[in-house]
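Following: one structure in structure tokens, then a few remarks.
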2 protein chains.
Amino acid sequence: MFSYKERFKYFLKERNLKYTPERKEIIEAIVKLQKHFDAEDIYQQLRRQESNVSLATVYRTIPLLVDSELIIETLHCRDKVLYERIYNKKHHDHLVCINCGRIIEFYNEEVEKLQDEICRKYQFLATEHRLGIKGYCKGCQDKLNIKINSAKEKK
Amino acid sequence: MFSYKERFKYFLKERNLKYTPERKEIIEAIVKLQKHFDAEDIYQQLRRQESNVSLATVYRTIPLLVDSELIIETLHCRDKVLYERIYNKKHHDHLVCINCGRIIEFYNEEVEKLQDEICRKYQFLATEHRLGIKGYCKGCQDKLNIKINSAKEKK
DNA sequence: ATATAATTGAGAATGATAATCAATTACACC
DNA sequence: GGTGTAATTGATTATCATTCTCAATTATAT
């Protein structure tokens, strides 16, 4: 199993692209980031590790990271695109609290199987799938005093 | 069962908001739009029906339409937010072709049940859920000569 | 070492959406 | 049916994430 850096290097070579110090530093930043992050988070992490890679380069590098399957676009949150690392990670889906922003990850084998079934039915070749459930986490339900079965009343 | 217009009127009254000619025209436009649409599509439809409602008002009205559960935000496509009507419509999910943009709608009872189960497990109160599968539709698979099991090679 | 295509940073451009504000208007109350 | 007031509107400007431009630089194949 290759490291993120090795995998990226290989991907770049495969496409006759260059492995630059900037790309190396971005990979190093990505690996340090936890959970979900956006372009600005990567940029901030670069600052933290004394790197001067520009935000433009961060934006330019993101599609390469996505294509090389090191990260994936997961959610849109407040007009921002959020990514997460996927290399050597198990696929999962998300529960997103619309009140506090908390993200709960889950994996359900049955859901995966059903998706395969659905794709077969429509002769669809899936490259990616995403199940996102939005609502209120337990904490916020209590805080807001929302009762089960009345989510629709609450805004 | 109320019409879109009646439902919206009622919603506005409930909140002490006004039922203006502009809002009436927007509702009329929404009802005429097929499938998925964005703010600009609503604006164009308004032009078609001789209405001069401004784009600003369209943007301002969208959250009201969402809150009143007449439309729902379905997908992000090329930096645009797409909506669709949901009042008196059955819930469904989407298969989105990343080559031609075609959207296939489907409904799967099992998936719905599993989602309820997952929410129960995490004590999560769902207000909305979305299952989006991206990939290649049959037509594009043929056109691009993509073989099943090699989606990952293709970009 | 050289050639060349890829890459970079800085800043300008884009484009969807949101905010501002003065003028207008719906509607609850009399 | 008038009145008062808070909501609404159009026009315009602002915002802000993301993309583009371009001249200068650099990685790498030969």
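Each chain gets a letter, A, B and so on, in the order its sequence line appears, and its residues count up from 1.
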- Item | End axis versus end axis in the helix from C:dA1-D:dT30 to C:dC30-D:dG1, the angle rounded to 10°, five pairs used at each terminus | 40°
- Task: Give the nucleotide from the list C:dA28, C:dA26, C:dT17 with an atom nearest to the side chain of B:Y59.
- Result: C:dT17
- Query: Over how many whole Å does the gap from B:R15 atom CZ to C:dA26 atom C1' extend?
  - Reply: 19 Å
- Separation of C:dA28 atom C1' from B:E14 atom CD, nearest Å, is 18 Å
- Going by distance alone, is a donor N or O of one side chain under 3.5 Å from an acceptor N or O of the other, for B:Q45 and B:R48? yes
- Task: Hey, can you tell me if A:Y122 and B:F106 have their rings parallel, tilted or perpendicular (30° and 60° cut-offs)?
- Result: tilted
- Nucleotide nearest A:E22 (side chain, heavy atoms from C-beta), chosen from C:dG9, D:dA29, C:dC21: C:dG9
- Message: Under a 3.5 Å threshold, yes or no: a donor from one side chain and an acceptor from the other, between B:Y107 and B:E109?
- Response: yes
- Query: Would B:L33 and B:F8 show up in the same hydrophobic cluster when neighbours are defined by side-chain heavy atoms closer than 4.5 Å?
  - Reply: yes
- Task: Taking only the side-chain nitrogens and oxygens of A:T20, find out if one of them lies under 4.0 Å from OP1 or OP2 of C:dT8.
- Result: yes
- Query: Relative to B:Y43, does B:R47 satisfy both conditions: NZ or CZ under 6.0 angstrom from the six-membered ring centre, and within 45 degrees of the ring's axis?
  - Reply: yes
- Single hit among A:V53, A:T61, A:L46 for side-chain contact (heavy atoms from CB on, under 4.5 Å) with A:E22: A:V53
- Note on the structure: Residue pair B:K18/A:L17 against DNA chain C: nearer the 5' end by closest nucleotide is A:L17
- Message: What residues from residues 34-54 of chain B pass a heavy-atom cutoff of under 4.0 Å to DNA chain D?
- Response: B:N52, B:V53, B:S54
- Message: Please determine whether a side-chain nitrogen of the Lys or Arg among B:R120 and B:D116 lies less than 4.0 Å from a carboxylate oxygen of the Asp or Glu.
- Response: no
- Message: Reading DNA chain C from 5' onward, which residue's closest nucleotide shows up sooner: B:A56 or B:N16?
- Response: B:A56
- Using the rule that two of Ile, Leu, Val, Met, Phe, Trp, Tyr join whenever any of their side-chain heavy atoms come within less than 4.5 Å, decide whether A:L55 and A:I27 are in one cluster. yes
- Phosphate contact (C:dA6 OP1 or OP2) by A:R23 side-chain N/O below 4.0 Å: no
- Would you mind reading off the distance between A:L12 atom CG and D:dT26 atom P, rounded to a whole angstrom? 18 Å
- Task: Find the distance A:E25:CD to D:dT26:P and express it as a whole number of Å.
- Result: 13 Å
- Give the nucleotide from the list C:dA26, D:dT18, D:dA27 with an atom nearest to the side chain of A:P21. D:dA27
- Protein-nucleotide distance (B:R60, atom CZ; C:dA19, atom C1'), rounded to Å: 9 Å
- Message: Classify A:P63 by what it touches in the nucleic acid, base, sugar-phosphate, or nothing, heavy-atom distance under 4.0 Å.
- Response: nothing
- Message: Could you tell me how far apart A:L55 (CG) and C:dG9 (C1') are, to the nearest whole angstrom?
- Response: 11 Å
- Query: Is there a path of hydrophobic side-chain contacts, each under 4.5 Å between heavy atoms of I, L, V, M, F, W or Y residues, that connects B:L70 with B:L64?
  - Reply: yes
